[in-house]
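To start, the structure under review is shown below, and the notes come after it.
Here the structure is a predicted model, which is why all the values come from computation and not from measurement.
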Amino acid sequence: MKFCLAIHNHLSLGSSEEEIRQAYEKAWLPFLMMVRERQALKMCVYNNGVVWDWLLEKGSDYVAALGEMVKAKRVEILGGGAYEPLLTLLSEEDALAQVGRLSRTIDEKFDVLPSGIWLEEALWEPQLPTMLTKADVEYVVVDEALCHNQALGPFVVEDRGSCLRLFPVSEGFVSGSISATEVVQKVTKLGEEQAPGLMIIGVDASLMVADKPGSEPQLPVELLGTFLDNLDKLAQDEKTALPSEIIEEGYSGGRLWPKSQDTVSLRENISRRPSVDGLYRKMLHVSRKIQFSGRTTREIREALMKGQCATSILRQMTNNRSYRRAVWRELLTAEDLVDARLHGKGSWVDVEEIDYNGDGEKELLVSSRQINAYFSPKEGGTAFELDFKPRRANVLDNVASHNSVFQRAFVDLFPKAVESAEDARKLLLSSSDFEPFGEAESRIVSDRDTRVVFTREATIPAKDGENKLSLEKTFRFAADQPDFKVRYRLINRGPEPIEQPFCVAFGFRSPCGTNLAEALLVDSREIGDVCETPFNKEMAQDVTIEDRQIGYRLRLQFTMCSNLFVVPVEWPQEPCGGVGIVTMWEGPLPKGEILELDMAVEFEALECSDA
């Protein structure tokens with residue numbers, strides 16, 4: 001039995017310079033130097049694209065030391081997805097582009113093409129061997145759970161004649177769940193049993209960084225030094241080897257069918273979290289747009305790959321707005337670059353009807369040079385994405401954890417009563433309020449401007465029965481500006497007056513977290529901290545949201561004064577991530593009468609501090 005170490009360094013897109021430098025100075029560099037000092041040890045190293053981008057610019061000591069160890073055949077650099085995507089959730093073209101991008105980075109710097117890759121999140125699908133062999137991948141380093149908890153590799157996994165070697169990574173310090181002594185004992189025992197194969201011991205260097213200022217790290221330098229000293233003693237007499245050396249020796253543990261984490265379950269979980277699913281669907285949409293356009297460039301492909309960063313999109317980090325912001329920025333950058341090549345420098349508006357959400361229903365996508373506005377006819381013509389393209393921002397992006405009005409804009413509601421901000425919050429949290437109207441019919445009218453019209457019929461409870469109501473909602477877009485107009489037209493076709501108030505609800509990205517006092521104005525006045533005192537104003541005519549970090553101002557104007565409510569997303573349990581706005585016009589609407597309401601949505605680019 002032989003063994004080697006494996007280290008997996010990764011950071012999310014959108015990580016701050018302070019986060020990266022702390023990881024470099026307290027984990028990545030000291031760990032590498034400690035291994036280098038122990039001449040018998042060998043190691044596999046994986047750095048994701050975020051880490052490599054920083055190291056190649058600012059980590060010269062690390063790069064130089066790593067290069068020396070590669071030349072001495074003590075280190076094997078692992079490839080993989082450049083920006084740590086979940087390869088099983090990408091198209092084959094995108095997955096191969098990710099693997100190829102990281103391989104080129106390594107080859108250009110160290111003059112060696114990686115033959116092995118690190119598989120992110122232990123997600124396996126049977127077709128991976130066929131796909132990865134197209135990228136000249138010979139072996140994959142995976143969590144030992146995929147290999148039925150067998151510690152020694154390699155195993156052979158095959159798909160339609162294409163074969164890969166699998167090397168399981170034993171836990172080691174990957175999760176900090178077992179001690180250094182236990183790891184050494186495990187290695188010693190397997191060595192005494194003279195079991196054939198290679199044991200890869202995973203170490204999570206991030207445990208060398210304390211979780212909080214003033215606290216102790218889970219993996220102190222002294223403990224790591226003792227651990228490496230013990231392994232260094234065991235490594236004498238050629239007991240260490242790299243994966244490629246084991247493959248060259250011809251050893252195989254036989255065929256194995258990986259016990260994968262269920263990708264289907266992952267997809268189902270994604271679909272249940274709107275804040276995650278929205279990013280995932282945007283990623284797929286931009287990828288398809290690039291593919292079908294045939295107008296890709298290196299700059300476009302690079303932005304798409306960064307936008308596929310799994311650690312920012314799909315892991316349980318969705319409440320970190322800097323990570324989410326970074327992914328949205330890259331995806332919208334890639335889309336904007338493709339649009340520029342497709343449409344040239346002139347003004348334009350496109351309207352597309354496709355099944356964007358993968359739910360069997362058609363969504364309606366309006367795009368221009370300056371905005372994207374995506375609508376769901378199934379939900380009555382509500383908007384589920386609204387992008388201000390000059391600042392690469394989706395202004396509806398928030399982190400509500402469940403499907404609710406918080407995830408939408410222009411949601412039409414007829415609640416029984418809304419008398420307080422708490423009533424408005426409950427209304428926003430309820431997805432059942434989509435039901436009274438149901439699906440809307442849509443039509444597109446193109447003349448001087450582009451109009452998208454949604455119409456639907458509803459049944460509204462009345463004192464002595466039911467009233468029939470017709471609702472028409474028209475969005476008017478101009479090709480040369482980001483601003484657009486909305487007109488509501490309601491007709492009471494029933495026998496009685498409609499007494500319920502009519503509400504239009506919005507869920508916007510919160511630019512300043514829980515404290516909206518500096519970011520949100522009503523009738524040009526600051527509203528204070530809505531987490532301290534939820535906001536309500538009668539006779540309001542406009543709402544303005546300013547995001548000085550990203551650099552935009554969004555203004556909603558109403559021709560008819562509204563009773564306005566403002567609440568933070570998921571207040572008070574999770575007081576961050578977004579702001580809910582409910583505008584309310586009170587009845588009654590007499591029999592046969594028509595109510596017309598006009599809104600204007602205006603965008604303005606501001607100076608920004610966003611990197």
Task: Inter-residue atom distance Leu332.CG - Asn372.CG, 0.5 Å rounding - done: 6.5 Å

TODO: Taking side-chain hydrogen bond (donor to acceptor under 3.5 Å, both in side chains) as the test, write out the residues that go with Glu385, two or more places apart.
DONE: Lys282, Tyr356

TODO: Report yes or no: does Ser287 contribute a side-chain atom to a donor-acceptor pair with the main-chain N or O of Met283 at less than 3.5 Å?
DONE: no

- [ ] Give the C-alpha distance, both sets of side-chain angles, the deciding distance and a yes or no for side chain to side chain contact (heavy atoms under 4.5 Å, CB included) between Trp328 and Thr333.
- [x] CA-CA 8 Å; Trp328 275 110; Thr333 295; over 6 Å; no

Open item on the list: Is there a side-chain contact between Tyr374 and Ser367 in this structure, where contact means two heavy atoms from C-beta onward sitting under 4.5 Å apart?
Closed with: yes

Task: Ser252 side-chain N/O to Gly254 backbone N/O, donor-acceptor pair under 3.5 Å - done: yes

Task: Pairing residues for Glu138 by the side-chain contact (heavy atoms from CB on, under 4.5 Å) criterion, not counting sequence neighbours - done: Ser115

- [ ] To the nearest 0.5 Å, tell me how far Leu242 CG sits from Lys2 NZ.
- [x] 10.5 Å

TODO: Provide the full list of side-chain hydrogen bond (donor to acceptor under 3.5 Å, both in side chains) pairs with a residue in residues 30-47, sequence neighbours left out, each pair given once.
DONE: Asn9-Asn47, Arg36-Glu68, Arg38-Asp229, Lys42-Glu245, Asn47-Tyr62

TODO: Indicate yes or no: at least one non-hydrogen side-chain atom of Lys26 is less than 4.5 angstrom from one of Met208.
DONE: no

Task: Partner set under side-chain hydrogen bond (donor to acceptor under 3.5 Å, both in side chains) for Asn357, not counting sequence neighbours - done: none

Task: Side chains of Cys147 and Leu256 in contact at under 4.5 Å (non-hydrogen atoms) - done: yes

Task: Test item: Ile247 and Tyr139 side chains (from C-beta on) under 4.5 Å apart, heavy atoms - done: yes

Task: For His148, all residues meeting ring-ring contact (aromatic ring centres under 6.0 Å, His included), sequence neighbours excluded - done: none

Task: Straight-line distance of Leu337 CG to Thr296 OG1, nearest 0.5 Å - done: 9.5 Å

Open item on the list: Run the side-chain contact (heavy atoms from CB on, under 4.5 Å) test against Leu56 and tell me which residues pass, sequence neighbours left out.
Closed with: Trp52, Val63, Thr105, Lys109

TODO: May I ask you to check whether Glu76 and Ser244 show a side-chain donor-acceptor distance below 3.5 Å?
DONE: yes

Open item on the list: Run the side-chain hydrogen bond (donor to acceptor under 3.5 Å, both in side chains) test against Glu361 and tell me which residues pass, sequence neighbours left out.
Closed with: none

- [ ] Quick one: list whatever passes side-chain contact (heavy atoms from CB on, under 4.5 Å) with Asp111, sequence neighbours left out.
- [x] Asp107

Open item on the list: For Pro114 versus Ile106, what's the shortest heavy-atom pair and its separation?
Closed with: CG-CD1, 3.9 Å

Task: side-chain hydrogen bond (donor to acceptor under 3.5 Å, both in side chains) against Arg301, all qualifying residues, sequence neighbours excluded - done: Glu93, Asp94

TODO: Could you tell me whether the side chains of Gln150 and Glu144 share a donor-acceptor contact shorter than 3.5 Å?
DONE: no

Task: Spacing of Ile7 atom CD1 and Ser206 atom OG [to the nearest 0.5 Å] - done: 8.5 Å

Open item on the list: Walk me through whether Thr226 and Asn230 qualify under side chain to side chain contact (heavy atoms under 4.5 Å, CB included).
Closed with: CA-CA 6 Å; Thr226 302; Asn230 289 331; 3.9 Å; yes

Task: Minimum heavy-atom distance between Ile270 and Leu89, given as atom pair plus value - done: CD1-CD1, 3.9 Å

TODO: Quick one: list whatever passes ring-ring contact (aromatic ring centres under 6.0 Å, His included) with Phe155, sequence neighbours left out.
DONE: none

Open item on the list: Could you check whether any side-chain N or O of Asp159 sits under 3.5 Å from a backbone N or O of Ser162, counting only pairs where one atom can act as donor and the other as acceptor?
Closed with: no

TODO: For residues Gln22 and Val209, determine if any side-chain heavy atom of one lies less than 4.5 Å from a side-chain heavy atom of the other.
DONE: yes

- [ ] Measure from the side-chain N and O atoms of Asp355 to the backbone N and O of Lys362, and report whether any donor-acceptor pair falls under 3.5 Å.
- [x] no

Task: Closest non-hydrogen atom pair between Ala205 and Ala27, with its separation - done: O-CB, 3.2 Å

TODO: Not counting sequence neighbours, which residues clear side-chain contact (heavy atoms from CB on, under 4.5 Å) with Glu17? List them please.
DONE: Arg21, Trp54, Lys58

- [ ] Could you tell me the separation between the NZ atom of Lys233 and the CG atom of Leu228, rounded to the nearest 0.5 Å?
- [x] 12.5 Å

Open item on the list: Test your reading of the model: is there a side-chain donor-acceptor pair from Thr382 to the backbone of Phe375, 3.5 Å cut-off?
Closed with: no

TODO: Please determine which of Arg288, Arg329, Lys289 meets the salt bridge (charged side-chain N to carboxylate O under 4.0 Å, His left out) test together with Glu335.
DONE: Lys289

- [ ] Walk me through it: do Lys389 and Asp339 pass the test salt bridge (charged side-chain N to carboxylate O under 4.0 Å, His left out)?
- [x] CA-CA 11 Å; Lys389 295 167 79 172; Asp339 285 339; 3.0 Å; yes

Open item on the list: Using a strict threshold of under 4.0 Å (side-chain N to carboxylate O), is an ion pair present between Glu330 and Arg392?
Closed with: no

- [ ] Give the C-alpha distance, both sets of side-chain angles, the deciding distance and a yes or no for side chain to side chain contact (heavy atoms under 4.5 Å, CB included) between Val221 and Met34.
- [x] CA-CA 9 Å; Val221 171; Met34 292 174 75; 4.1 Å; yes

Task: Check against salt bridge (charged side-chain N to carboxylate O under 4.0 Å, His left out), Glu302 and Arg101 - done: CA-CA 9 Å; Glu302 186 78 4; Arg101 159 68 163 77; 2.6 Å; yes

Open item on the list: Suppose we screen for ring-ring contact (aromatic ring centres under 6.0 Å, His included). Which residues come up paired with Phe31, at least two apart in sequence or across chains?
Closed with: none

Open item on the list: Using side-chain heavy atoms (C-beta onward) and a distance below 4.5 Å, is Leu396 in contact with Arg408?
Closed with: no

TODO: Starting from the C-alpha separation in whole Å, work towards a yes-or-no answer on side chain to side chain contact (heavy atoms under 4.5 Å, CB included) for Phe167 and Leu198.
DONE: CA-CA 8 Å; Phe167 285 92; Leu198 178 70; 3.7 Å; yes

Open item on the list: Quick check against the 3.5 Å criterion: does Ser12 have a side-chain atom that pairs as donor or acceptor with the backbone of Ser15?
Closed with: no

Task: pair Leu11-Ile20: side-chain heavy atoms closer than 4.5 Å - done: yes

TODO: For a side-chain contact (heavy atoms from CB on, under 4.5 Å) with Val169, tell me which candidate from Leu146, Asp143, Val141 qualifies.
DONE: Val141

- [ ] First locate atom CD1 of Ile117, then atom CG of Leu87, and finally report the distance between them rounded to the nearest 0.5 Å.
- [x] 6.0 Å

Task: Distance-only side-chain donor-acceptor flag, Tyr83 / Asp53, under 3.5 Å - done: yes

Task: Whether Gln98 side chain and Met305 backbone form a donor-acceptor pair below 3.5 Å - done: yes

Open item on the list: Within the structure provided, determine whether Trp257 and Glu158 are in side-chain contact (heavy-atom separation under 4.5 Å).
Closed with: yes

- [ ] Assess the side chains of Glu363 and His285: does a donor N or O sit below 3.5 Å from an acceptor N or O?
- [x] no

